[in-house]
Every structure is written in structure tokens, then in C-alpha cells.
2 protein chains.
Amino acid sequence: MTPTDRAEAVTLESPSLEAAREAITDGFDRGALVTAFGRCTVDYDGRASSRLEAGDRHVMCKPDGTTLVHGSEGQQPINWQPPGCDRDVFCDHGDAHQLVLESVRSTPAERLCVRFHHVVHVAAFSGTDDGALTLSGTEADLRDRILETPDLLEPGFRPLATERETSAGAVDVYGEDDAGRPVVVELKRRRVGPDAVGQLRRYVDALQRDLHADASIRGVLVAPSVTDRAARLLDDHDLEFVSLEPRVE
Amino acid sequence: MTPTDRAEAVTLESPSLEAAREAITDGFDRGALVTAFGRCTVDYDGRASSRLEAGDRHVMCKPDGTTLVHGSEGQQPINWQPPGCDRDVFCDHGDAHQLVLESVRSTPAERLCVRFHHVVHVAAFSGTDDGALTLSGTEADLRDRILETPDLLEPGFRPLATERETSAGAVDVYGEDDAGRPVVVELKRRRVGPDAVGQLRRYVDALQRDLHADASIRGVLVAPSVTDRAARLLDDHDLEFVSLEPRVE
DNA sequence: ATTTCGATCTCGTTT
DNA sequence: AAACGAGGTCGAAAT
């Protein structure tokens, strides 16, 4: 949205396709967040291909190049185009008169085409948004808890590094236990399944080889809880689990 | 959106907070998709916690209980609440007059609270959407390609089952090679990283134990391509790779 | 530009 | 209700 002294909305009710085209183009030029509601079909081709048959939908075009096509259900858009895409808006004066909103990008080559048969509403929103988002309860918070109070993992644990690189990728927390044995810690902010165990296993394997250590390396999964299958996998591979929440209860 | 004979939009420009409250409530009652644009703060508490300072944002409330708070950038909403949530809309006549939109659910317990200081625009959209989405280029398409032409994997490959259950989960495609050796196939629609190798490895390990077969089991990853690290992991664990696209070029 | 992994991931399917 | 994996995942950080 273009920063303006005061937030504003420019709207059109039941415009002609040509009037809608003009309003949308104007909105784009002014750096507004533009929405259109009406009957449309949507075609996508790129990483996959899709066709969406005619229906009434809400289309949002952000000034950063994002396009979102929303129906009446679900959190996710039915179709979309990511930030950074280039747009073209025009009226197709063919057999069926249509308002066409096209969005393309390269790398990867993708094209989204929304064809409005009928437009009920167009709006262009301008405003300012300096408000920052603060979020807590993330994996970073769980990591900080452990760095601050290593005993939460186990008495005597000493963290030595975060994001320690191995040939299999970066280990969340790397340290030593009471007895000086190397410990690889994999953190998850919520209940984990088999995938997290596989990840931990890769890191332990890699570090074992990287160091070709005398002492075997311990692998500890830290998460609020694990699924049955994950627990079994941990057991199979002599990995450990410590229950810990990203936030204090 | 409530099915109506014709798509429609009921809108309000720069309404009072009380008028906005009424329009939003009416829209909810009519099963409309309701949007509001204005200056607001947003608080979330549930799986994590967040606070979003004041800014002009676009809030979408779907009739299925979904709420999306969008800013001017990014494909993802800044804050959201999933389908199935219950809502409450009211005016807070406290120190600062505010229009409050609250959305809650249990399991997991989550609460989103949008507080409008100023509302620029409210709209309630009704329409019908029977249009179906058809998508191609998915993992299912890749699977179908192999089932139809098993030689694409390798000459003599015979698929025996899809989604074959093992103690580690379901294998995408299970079959036998030319020599009668069991083959576990893991499919990915796009270039894969280390995670997919870990997945294949789990399945091969599990099946090896499930069958305690005499002949060792082959694991084949089928994807358009692999990253370097993934290629190395495949090599380390004697797993194989076959390059195949989900769609014919 | 690519790789890698987290995410209030979401979503569908199955148990 | 929980578990498991796909996704046009998105987004961010590092290379």
C-alpha cells in the first residue's frame, strides 16, 4: 500500500469490465492493494498446471506483485502468484467479453491468468503499515531456553555452539555432556514425527564421520512430545528424547 | 459465500465503528465473505503468541470461520485463524473506542483478536462457487506415469503395489526388478533435498526388517533432480536415483 | 540463484 | 482426535 497521510479506499460497485480495468490499473499505478470480486475462471501454468472453472471469487493484488484468488472456504488461496510477479490487465473483446488479469514471472516460469466474466466490486486500498510483528513460542525460543538453562536438557550439559555445521547440514545445538561426550541436539517447537528423527540421525551420522571420534556421539531430540512411531525410531537408533516446550507453561 | 442468484457486494465507506460492527455482523449472519480495511492491532495466542502493532491492514473473514489479516506484502497473511473458528464482533467503549473482532477455537486452544481503531471500508460478498479445480503435475501424476510405463524406472521393473504399508509408513510404489529383487520407490514431484533421502532410507530399513529378506532391498528415489547433499546421502546409503518429471516435457 | 529448514505451516487421508 | 506426508507449500538465512 502506498503510504498516505490517511488510509483510504477507492471503490467501484458493479462496474463495466472496462471501468474495472481502469480502476485496477489506476490502483496498481498508485501502489495500492487492489481487490476485485466477481465471476471468473483461473488458469495457472508453471511448477504445475491447473484450471479453475467459473465461480465467484475474491482476487487480491498486492503492490509487491502478489496475487491471491480466494473462494469462500479454506485458509489457503485456490490459486495464487508469489511476490515479484509482473502483471497485465486488459479487456478481451473476443467472443465473450472478459476482463483479463495476467501475472507472470520467470525462474521459475509461471503464469496465472484470471478471466472475469463479471465484476461485482473493485477496491483500491492505500495506507501505512509500520507495525512490527513480535512472535514467541518459536524454535528459536526453545533454543534460547536451553542456552540459558542447559540443565533443562540434562544436568551437566554444556552447549558449545548453535548452528554447528556438519557435512549433513547445521546442527541446532552442539555441546558436551557431563562426561565430555559430544551431544547433537535437534529442536522442534511442537510434537514431532518420524521426519525429525531422520534429521537427527543424519546429523549424528555425519558428525560421527566428520570427527571420526573415539567416543560415540549422542543425539538428543528436544520437543514437547513425540509420536509412537518417532519414539520407536529413536529407540532403534539409540537416540534420546527430552520433553521441553518452547515457552514456559 | 451464501449462494445467491447473482453475486453481490454490500459495502460501507468510512463507517463509524458501530456501523462497521453492524455491517460485519450482518455479513456473518448472511453467510457472506466479509472484508474490512483499516487501522488495527492484532493479538494472537495459541500454538504460539504474537502481537502486531498498529497499521492499516486488510482483514478477510470467510463464512467457514477462517480469518486472514493481510498487509501490503507477502503471500502469507501476517496473522490468521483457521477454518472452524467461532467469532465475536463488538465495540469496546473503553478509553480508546475500538471495534473488536475476536476469533477462537479449542483443540488447539487459539485466540485471535483484531482491534480496529479506524475502519475505512467494509464489504460483504455473496456469490456461488461450484467451479472445480483440476491440477496436474503432482506426485500422483508421477506415480501414474510409472505405473503406466514401468520401464521409465528401469527396464524390467514390475510395480506390485502403491502405498504399501511398512512399519515405517506407506511406500509410494513397491515392486520387483528384473532379477526379482524387491524395490522401494519414493516419488517427489520436484527437485529433492536430504529429507527425501531420509524418508526413503526409513522405508528401506523398515521393509528390510519387516521381510527379513534374503535378498537386500533396493531403494530408488524418483524425482526431476537432486541436490548435491542429497546425492551424497543417496550414495552413502546405497540408494539409487532416477530422474523423472511428473509431466511429460 | 540455489540450498536448507522452520512454520501458529495448511490440507487431505487414514486410522 | 491424532498421525502422517504432500504442497505450485511460503519465507528466511546462508552460500
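Below, read A as the first sequence line, B as the second, and so on, with proteins coming before strands; counting in each chain starts at 1.
- Taking the six-membered ring wherever Trp is involved, the centroid distance between the rings of His58(B) and His58(A) falls below 6.0 Å.
- When the C1' atom is compared between dG5(D) and dT9(D), the two are found 13 Å apart, to the nearest whole Å.
- The separation between Asp43(B) atom CG and dT8(C) atom C1' is 14 Å, rounded to whole Å.
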Report each atom pair, protein N/O against N/O of nucleotides 13-15 of chain D, whose distance is under 3.5 angstrom.
none

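- The CD atom of Glu163(A) sits 10 Å away from the P atom of dC5(C) (whole-angstrom rounding).
- Gln76(B) places its CD atom 8 Å from the C1' atom of dC9(C), with the value rounded to the nearest Å.
- Put simply, the side chain of Asn79(B) never gets that close to the backbone of Val69(B): no donor and acceptor are under 3.5 Å apart.
- Cation-pi check for Arg57(B) over Phe37(B) is not met; the charged atom does not lie both under 6.0 angstrom from the ring centroid and within 45 degrees of its normal.
- At least one donor-acceptor pair closer than 3.5 Å links the side chain of Ser243(A) to the backbone N or O of Pro224(A).
- Summarising the geometry, the separation between CG on Leu68(B) and P on dT10(C) is reported as 11 Å, rounded to the nearest angstrom.
- In this structure, Arg189(A) contributes its side chain and Gly137(A) its backbone to a donor-acceptor pair below 3.5 Å.
- Under a 3.5 Å cut-off, the side chain of Arg105(B) and the backbone N or O of Glu110(B) do not form any donor-acceptor pair.
- Arg111(A) contributes no side-chain N or O that, together with a main-chain N or O of Val104(A), makes up a donor-acceptor pair within less than 3.5 Å.
- A salt bridge links Asp92(B) and Arg115(B); the closest N-O separation between the charged side-chain nitrogens and carboxylate oxygens is under 4.0 Å.
- When the P atom of dA7(C) is taken as reference, atom CG of Leu133(A) falls 13 Å away, rounded to whole Å.
- When rounded to the nearest whole Å, the span between NZ of Lys62(B) and P of dT10(C) equals 13 Å.
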> When every nucleotide of nucleotides 3-9 of chain D is labelled 5' to 3' by its protein contacts under 4.0 Å (heavy atoms), B for base, S for sugar-phosphate only, - for none, what sequence of letters results?
Replying inline: SSSSSBB
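- For residues 136-150 of chain B, there are no salt bridge (Lys or Arg N to Asp or Glu O under 4.0 Å) pairs, not counting sequence neighbours.
- Nucleotides dT14(C) and dG8(D) have their C1' atoms positioned 25 Å apart, rounded to a whole Å.
- Straight-line distance between the P atoms of dG7(D) and dA7(C): roughly 22 Å, to the nearest whole Å.
- Here, dT8(C) and dT4(C) have their P atoms 23 Å apart, quoted to the whole Å.
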